[in-house]
K.L.:
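Mind having a look at this structure? Questions to follow.
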Amino acid sequence: MSLSIEDYARVARPEAVERLRQLARPLTGARVVHVNSTREGGGVAEILAKLVPFMNELGMHASWEVLVGERAFYDCTKRFHNGLQGHVVELPPALLRAYEQTNRDNLDRLDTTLREADFVFIHDPQPAPLLRLCGERRGRWFWRCHIDVSRPHRPVWKYLRPHVADYDASIFSLADFAQPLPHPQFIVPPSIDPLTDKNRELQDEEIRAVRARFGIDPDRPLVAQISRFDRFKDPVGVIRAWRLARRFLPDVQLVLAGGGASDDPEGAQVLADVQEAAAAEADCHVLLLPADAHRTINALQRTAAVVLQKSLREGFGLTVAEAMWKGRPVIGGNTGGIRLQIVNHHTGFLVDTPEGAALRLRYLMDREDLRHEMGEKARRFVRDHFLITRHLAEYLAMMVALRRGMSSRVSLS
Ligand code: UDP
């Protein structure tokens with residue numbers, strides 16, 4: 001069933017859809033190009049899969065291009081990712097050459113599309129050099145950074161900064177991530193789509209079937225973390241927290257479910273570490289999911305009594321909003337965009353250590369009423385702040401503002 005923007009009036013605030021139409025009017029016919037480095041896996045792909053069709057429905061000509069690269073390119077950009085999130089990493093010249101060459105090769109393919117676009121959104125560091133390589137251009141270019149760059153490893157930022165400084169504007173998910181750059185910076189948190197397979201209501205029967213498919217006991221409680229297998233998501237810390245909590249809650253099962261992203265070369269190693277840590281535990285289910293397992297993830301989030309997202313760094317953490325939207329209290333790492341979503345003690349708990357997560361897990365598992373109360377608040381909080389209608393409206397407003405020379409007042413009439 002294909003959805004139209006009008007369907008969103010039912011779940012978001014009714015005025016949200018009219019606001020979108022109003023913001024989109026001055027952008028009718030605009031050519032918009034988004035560029036990132038993977039079609040599936042991870043939050044950026046998840047968001048683009050919805051934003052791009054919506055822009056088209058609102059009268060723009062929007063497209064989504066994905067960089068194509070070899071192993072050395074992804075090794076390099078994974079180092080950028082780790083370095084921007086604060087890890088000390090090496091940047092060997094051969095990898096930097098592969099990075100720049102991959103961008104040149106992709107530009108050969110995308111040149112005309114990019115030059116002729118009215119607006120270009122470059123997502124994250126992978127395609128950042130395209131602007132400088134592109135030369136002549138007619139449109140406005142945004143650098144959209146989805147990761148936590150609040151405390152980058154300096155040599156990485158020093159290398160990347162010249163690639164992003166010439167953009168017309170940059171967009172970060174949180175004010176904490178903003179950097180000294182010579183152009184306007186917008187703060188736009190990401191969002192979830194409440195009507196996709198990932199987030200829509202499911203029948204109990206389907207949820208039960210998912211439990212059965214993975215051999216999860218239907219009668220005992222479950223807690224879950226759904227994430228790519230990435231060290232920053234701390235899956236091994238989640239196992240540790242669950243083990244500690246289990247001394248008092250022997251019935252509780254754990255699911256760690258995730259897949260890889262085609263631009264993440266470290267996933268297999270992290271998965272192997274997780275499997276090793278879980279090997280001796282009958283009640284710890286490590287599930288490797290295919291890229292299109294949206295309904296499965298939906299069911300796992302709904303069947304969990306509590307959802308964990310114990311990240312050590314997190315740009316935003318769509319999985320947090322997804323679980324909150326399903327009325328689940330989330331125990332999340334006290335970092336980055338998770339702090340924006342979890343209002344500590346109200347919509348969930350923020351934790352710094354596996355021990356802290358274990359304590360909160362025990363507290364919540366013993367209190368069903370509190371779980372429901374927190375879950376209800378969490379759902380309302382996502383409805384008011386983290387749905388795609390708000391996200392899209394902010395993108396449109398930025399585009400209008402940039403086109404009109406960033407005057408402090410933009411009239412839409
Ligand atoms: N996701 C998925 N399959 C997986 C793991 C995650 O579809 O095996 C989805 C998840 O539901 C969420 C997105 O990928 O929509 C992850 O976004 P998030 O911002 O949480 O983290 P990122 O992977 O971008 O660091």
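In each ligand, atom 1 is the first atom listed, and ligand 1 is the first ligand listed. When reading the values below, keep in mind they use all heavy atoms of this one structure, side chains included, and skip hydrogens, waters and symmetry mates. This chain uses plain numbering: 1 for the first residue, then up along the sequence.
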K.L.:
Looking at non-hydrogen atoms alone, which of T296, I297, L289 comes nearest to atom 3 (N) of ligand 1?
P.N.:
I297
K.L.:
Counting both backbone and side chain atoms, is some N or O of E322 under 3.5 Å from an N or O of ligand 1?
P.N.:
yes
K.L.:
Can you tell me if G258 contacts ligand 1 (heavy atom of the residue under 4.0 Å from the ligand)?
P.N.:
yes
K.L.:
Would you say S227 and ligand 1 have an N/O pair spaced under 3.5 Å apart?
P.N.:
no
K.L.:
S227 and side-chain hydrogen bond (donor to acceptor under 3.5 Å, both in side chains): which single residue from Q309, K233, E314 fits?
P.N.:
Q309
K.L.:
Could an N or O of ligand 1 be found under 3.5 Å from any N or O of G259, whether backbone or side chain?
P.N.:
yes
K.L.:
May I ask you to identify the nearest protein heavy atom to atom 16 (C) of ligand 1, giving residue, atom name and distance to one decimal place in Å?
P.N.:
G43 N, 3.5 Å
K.L.:
According to the interplanar angle, ranging from 0 to 90°, do the rings of F349 and H345 count as parallel (below 30°), tilted (30 to 60°) or perpendicular (above 60°)?
P.N.:
perpendicular
K.L.:
With a cutoff of 4.0 Å, is K233 in contact with ligand 1, counting heavy atoms of the residue only?
P.N.:
yes
K.L.:
H163 vs Y99 aromatic rings, parallel, tilted or perpendicular, using cut-offs 30° and 60°?
P.N.:
perpendicular
K.L.:
How far is atom 23 (O) of ligand 1 from its nearest protein heavy atom, and which residue and atom is that?
P.N.:
R228 NE, 2.7 Å
K.L.:
Based purely on interatomic distance, does V44 place a nitrogen or oxygen under 3.5 Å from a nitrogen or oxygen of ligand 1?
P.N.:
no
K.L.:
Do the two ring centres, one from Y395 and one from F54, sit under 6.0 Å apart?
P.N.:
no
K.L.:
For E70, is the CD atom crowded, meaning more than 12 foreign heavy atoms sit under 6.0 Å from it?
P.N.:
no
K.L.:
Provide, to 0.1 Å, the distance between atom 19 (O) of ligand 1 and the closest protein heavy atom, together with that atom's residue and name.
P.N.:
L318 N, 2.9 Å
K.L.:
Check the angle between the aromatic planes of H87 and F232 and answer parallel, tilted or perpendicular using the 30° and 60° thresholds.
P.N.:
tilted
K.L.:
For atom 7 (O) of ligand 1, which candidate among E40, Q225, E314, K198 provides the closest heavy atom?
P.N.:
K198
K.L.:
Which atoms of ligand 1 have any heavy atom of G317 under 4.0 Å away?
P.N.:
19 (O), 20 (O)
K.L.:
Any salt bridge between E394 and R390, counting N to O under 4.0 Å?
P.N.:
yes
K.L.:
If you count every heavy atom of other residues, nucleotides or ligands that lies below 6.0 Å from E6 atom CD, does the total exceed 12?
P.N.:
yes
